[in-house]
Trainee: 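Input: one structure, supplied below.
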Amino acid sequence: MIEMLDITGVHMEVDKKLHDYVVKKIGRLDRYMSRYARRSVHVEVFLKEVLIKKKKECVAEVTIRLPRGNVVARESTMNIFAAIDIVEQKLKNQLKKYKDAHSPLRLHRRVLRKLRRSASSGEV
């Protein structure tokens with residue numbers, strides 16, 4: 001679970017239910033980080049409510065500060081919980097790419113991936 005998680009509501013109140021939901025969804029993204037990155041990760045969550053042409057828009061923006069860069073995702077929908085779900089999926093994909101790029105064993109992973117592809121295509 002991510003320890004440094006800052007949740008800020010802009011033009012909206014972050015109640016206990018919303019806070020717990022964000023901690024549950026965003027807090028478990030540490031599974032997709034390397035052990036090295038988990039130690040110093042800092043997450044900032046901004047939740048906004050905006051009125052656009054008499055329609056309510058909810059915006060969720062998450063910034064994950066990692067040792068070798070930042071990962072940012074932003075989504076706006078009619079429901080704040082849906083926005084958080086979509087942002088979680090975006091961050092999950094970005095963190096997988098980050099981990100592959102910054103892992104010390106990335107060369108070995110590339111070689112193994114090529115071997116698996118050639119083995120699976122050769123058997124067909």
Side-chain angles (χ1 to χ4, degrees):
M1 192 62 85
I2 295 174
E3 307 233 352
M4 294 182 64
L5 184 67
D6 296 333
I7 302 170
T8 306
V10 180
H11 302 295
M12 69 180 295
E13 190 69 32
V14 180
D15 59 347
K16 178 149 176 54
K17 181 180 174 184
L18 182 57
H19 183 273
D20 291 344
Y21 190 77
V22 170
V23 169
K24 176 184 161 190
K25 289 292 191 171
I26 305 299
R28 66 181 180 191
L29 288 175
D30 65 340
R31 300 175 188 179
Y32 303 100
M33 297 176 204
S34 65
R35 289 184 185 152
Y36 170 72
R38 285 181 203 166
R39 287 184 258 158
S40 62
V41 69
H42 181 205
V43 179
E44 297 172 348
V45 180
F46 293 102
L47 305 173
K48 300 180 196 175
E49 234 176 55
V50 182
L51 278 163
I52 301 176
K53 295 182 183 178
K54 298 183 182 180
K55 289 178 72 177
K56 184 179 86 169
E57 283 284 321
C58 298
V59 179
E61 182 176 349
V62 180
T63 303
I64 300 178
R65 303 201 184 281
L66 295 163
R68 295 184 189 141
N70 297 334
V71 177
V72 180
R74 184 173 199 257
E75 183 63 35
S76 65
T77 60
M78 298 293 286
N79 186 351
I80 193 68
F81 294 100
I84 292 168
D85 288 340
I86 295 169
V87 165
E88 178 202 13
Q89 288 299 319
K90 288 181 178 181
L91 289 171
K92 194 183 296 186
N93 291 333
Q94 289 181 23
L95 286 172
K96 286 179 183 178
K97 291 177 186 176
Y98 174 88
K99 187 176 178 181
D100 282 344
H102 294 95
S103 177
L105 300 176
R106 69 178 186 255
L107 176 65
H108 299 293
R109 287 186 182 145
R110 278 192 228 146
V111 171
L112 289 174
R113 195 177 304 135
K114 286 180 182 178
L115 288 174
R116 286 184 196 140
R117 284 184 198 154
S118 64
S120 64
S121 64
E123 295 175 3
V124 175

Trainee: Hydrogens and angles aside, do Asn93 and Tyr98 bring a side-chain donor and acceptor to less than 3.5 Å of each other?
Mentor: no

Trainee: Can you give me the closest heavy-atom contact between Glu13 and Leu18, atom names plus distance?
Mentor: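 Closest heavy-atom pair between Glu13 and Leu18: O-CD2, 4.5 Å.
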
Trainee: Mind checking the CD-OG spacing from Glu61 to Ser76? Nearest 0.5 Å is all I need.
Mentor: 11.0 Å

Trainee: Does the side chain of Val23 come within less than 4.5 Å of Arg28's, by heavy atoms?
Mentor: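 Counting from C-beta outward, Arg28 and Val23 never come under 4.5 Å.
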
Trainee: How many angstroms lie between atom NZ of Lys99 and atom CG of Leu66, to the nearest 0.5 angstrom?
Mentor: 12.0 Å

Trainee: Are Ile86 and Val22 connected, step by step, through hydrophobic side chains (Ile, Leu, Val, Met, Phe, Trp, Tyr) whose heavy atoms are closer than 4.5 Å?
Mentor: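 Different clusters.
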
Trainee: Go through the steps to decide whether Glu88 and Val62 satisfy the test side-chain contact (heavy atoms from CB on, under 4.5 Å), and finish with yes or no.
Mentor: CA-CA 9 Å; Glu88 178 202 13; Val62 180; over 6 Å; no

Trainee: Any side-chain heavy atom of Thr77 sitting closer than 4.5 Å to one from Glu57?
Mentor: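 The answer is no, as the side chains (C-beta and beyond) never meet within the 4.5 Å cut-off.
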
Trainee: What about Ile64 and Ile2, same hydrophobic cluster or not, with Ile/Leu/Val/Met/Phe/Trp/Tyr joined at side-chain heavy-atom distances under 4.5 Å?
Mentor: yes

Trainee: Any side-chain heavy atom of Val87 sitting closer than 4.5 Å to one from Ile84?
Mentor: no

Trainee: If the threshold is 4.0 Å, N to carboxylate O, is there a salt bridge linking Lys16 and Asp20?
Mentor: yes

Trainee: I'd like to know if the side chain of Arg74 and the backbone of Val59 have a donor-acceptor N/O pair within less than 3.5 Å.
Mentor: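 Not confirmed, Arg74 side chain does not pair with Val59 backbone.
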
Trainee: Is it possible for you to say whether Ile7 and Phe81 belong to one hydrophobic cluster, with membership spreading through side-chain heavy-atom contacts below 4.5 Å?
Mentor: yes

Trainee: Working to the nearest 0.5 Å, report the span between NZ of Lys97 and CD of Gln94.
Mentor: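 Between Lys97 NZ and Gln94 CD, I get 7.5 Å after rounding to 0.5 Å.
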
Trainee: At their closest point, which heavy atom of Ala83 faces which heavy atom of Cys58, and how far apart are they?
Mentor: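 Nearest heavy atoms, Ala83 then Cys58: CB-O, 4.2 Å.
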
Trainee: Is there a side-chain contact between Val41 and Met4 (heavy atoms, below 4.5 Å)?
Mentor: no

Trainee: Quick check: closest heavy atoms across Met1 and Asp30, and the distance to 0.1 Å?
Mentor: N-OD2, 2.7 Å

Trainee: Quick one: pull up CG in Leu95 and CG in Asp100 and give me the separation to the nearest 0.5 Å.
Mentor: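 Here the rounded value is 11.0 Å.
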
Trainee: Between Val71 and Thr63, is a side-chain contact (heavy atoms from CB on, under 4.5 Å) present by the stated rule, with each step listed?
Mentor: CA-CA 6 Å; Val71 177; Thr63 303; over 6 Å; no

Trainee: Return the CE to OG distance between Met33 and Ser40, rounded to the nearest 0.5 Å.
Mentor: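 With rounding to 0.5 Å, CE (Met33) is 9.5 Å from OG (Ser40).
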
Trainee: Look at atom CD of Gln89 and say whether more than 12 heavy atoms of other residues, nucleotides or ligands are closer to it than 6.0 Å.
Mentor: yes

Trainee: Show me the donor-acceptor pairs within less than 3.5 Å that the side chains of residues 43-52 make with the rest of the protein, sequence neighbours left out.
Mentor:
{"from": "Glu44", "atom 1": "OE1", "to": "Arg65", "atom 2": "NH2", "distance (Å)": "3.2"}

Trainee: Give a yes or no on whether Lys92 atom NZ has more than 12 heavy-atom contacts from other residues, nucleotides or ligands under 6.0 Å away.
Mentor: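 It does: Lys92 NZ has more than 12 such atoms within range.
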
